[in-house]
Amino acid sequence: MSQSPIELKGSNFTLSVVHLYDDQPEVIHKAMQEKMAQAPEFLKNAPVVINISALPVGADLGALHRAIESVGLRIVGISGCQDEEQRKIVLKSELPLLKEGKSQKVLTKENKPTEPIFKKTRIINTPVRSGQRIYAPNSDLIVTNNVSAGAELIADGNIHIYGVLRGRVLAGASGDQESQIFCTHLNAELTSIAGQYWLSEKIPENFVGKAAKLRLVNNELTIETLV
């Protein structure tokens with residue numbers, strides 16, 4: 001029997017979620033243009049999920065869809081539907097309905113919070129070249145070598161770089177705001193924790209090329225010397 005020309009496999013992808021708080025397409029278009037201008041190369045053609053939980057049920061999703069994609073993003077799904085009518089509107093737009101992984105529940109004695117299952121820390125000892133993307137799902141990532149410009153490190157937990165960092169580094173990719181970035185020689189193109197990011201020009205000059213630690217404080221990126 002000949003081998004099938006396709007194979008269906010499960011995988012993990014890191015997607016940004018755009019939360020909409022206004023249902024006017026022109027307002028959203030302008031806001032998205034401003035956001036794209038901050039990181040055009042990073043965001044161009046990026047796949048995103050649109051969260052519509054804050055929008056009224058009758059919002060024109062088609063017009064909002066066009067407003068967002070006109071700036072260069074690619075919508076791959078809709079999340080945050082509040083009722084059946086809104087759900088029908090989304091399905092009519094021919095976009096998939098998605099559920100975001102971290103929903104909050106009312107806790108009872110029978111419904112106790114469970115800790116996320118973390119795997120063994122992923123360790124990379126070789127240089128990370130331009131164009132390479134390394135992802136550590138449900139774990140920390142340690143790189144003991146240099147990371148070239150154009151390379152990308154992604155982890156659901158913390159990221160440690162014991163070398164020169166010139167590429168992009170995204171910690172807390174699944175939304176963990178407690179994740180941190182540790183680097184012995186910071187010269188990154190982009191640093192991000194739980195979706196909050198800085199481009200290279202946002203990194204304070206006195207930290208460029210130095211050992212540094214980045215973390216979130218009140219949902220904003222902060223940086224300090226790594227002693």
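Side chains included, hydrogens not; waters and symmetry mates left out as well; all remaining heavy atoms used. The first residue of the sequence shown is numbered 1, and numbering continues consecutively from there.
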Taking the side chain as C-beta and beyond, is there a heavy-atom pair between [X] and [Y] under 4.5 Å?
| X | Y | answer |
| --- | --- | --- |
| N219 | Q177 | yes |
| L141 | L153 | yes |
| I78 | V49 | no |
| F182 | I161 | no |
| N187 | L165 | no |
| I223 | K213 | no |

Side-chain H-bond candidate by donor/acceptor type, Y135 with D156, under 3.5 Å: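 Result is yes, a qualifying pair exists.
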Over all atoms of both residues, closest heavy-atom pair of [X] and [Y]:
| X | Y | value |
| --- | --- | --- |
| G163 | T184 | N-OG1, 3.0 Å |
| H29 | A67 | ND1-O, 3.3 Å |
| N146 | V164 | OD1-N, 2.8 Å |
| Q196 | L221 | O-CD1, 3.5 Å |
| D23 | L55 | N-CD2, 3.9 Å |
| S139 | T121 | CB-CA, 4.4 Å |

When rounded to the nearest 0.5 angstrom, what distance separates [atom1] in [X] from [atom2] in [Y]?
| X | Y | atom1 | atom2 | answer |
| --- | --- | --- | --- | --- |
| S179 | N158 | OG | CG | 5.0 Å |
| D140 | R122 | CG | CZ | 13.0 Å |
| L190 | W198 | CG | CH2 | 11.5 Å |
| L20 | I50 | CG | CD1 | 5.5 Å |
| E152 | Q132 | CD | CD | 11.5 Å |
| E69 | I75 | CD | CD1 | 5.0 Å |

Should E178 and R215 count as an ion pair when the cut-off is N to O under 4.0 Å?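 Looking at R215 together with E178, the answer is no, because their closest N to O distance does not fall below 4.0 Å.
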Under 4.5 Å between side-chain heavy atoms, hopping through other hydrophobics if needed: is there a path connecting [X] to [Y]?
| X | Y | value |
| --- | --- | --- |
| M32 | Y197 | yes |
| I123 | Y162 | yes |
| L61 | V71 | yes |
| V48 | L170 | yes |
| V147 | I154 | no |

Could you go through the side-chain contact (heavy atoms from CB on, under 4.5 Å) check for I134 and V128 one step at a time? CA-CA 8 Å; I134 295 175; V128 184; 3.7 Å; yes
Starting from the C-alpha separation in whole Å, work towards a yes-or-no answer on side-chain contact (heavy atoms from CB on, under 4.5 Å) for V169 and L214. CA-CA 11 Å; V169 55; L214 292 95; over 6 Å; no
Please step through side-chain contact (heavy atoms from CB on, under 4.5 Å) for the pair L186 and I203, ending with a clear verdict. CA-CA 9 Å; L186 181 64; I203 298 173; 3.9 Å; yes
E205 atom CD, neighbour heavy-atom count above 12 within 6.0 Å: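 Not more than 12 within 6.0 Å, no.
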Within 6.0 angstrom of E84 CD, more than 12 heavy atoms from elsewhere: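 Result for CD/E84: enclosed.
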Any sub-3.5 Å donor-acceptor pair from D60's side-chain atoms to G62's backbone N or O?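 Yes, the answer is positive, given that a donor and an acceptor are paired below the 3.5 Å cut-off.
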Starting from the C-alpha separation in whole Å, work towards a yes-or-no answer on side-chain contact (heavy atoms from CB on, under 4.5 Å) for N145 and I124. CA-CA 8 Å; N145 216 307; I124 304 296; over 6 Å; no
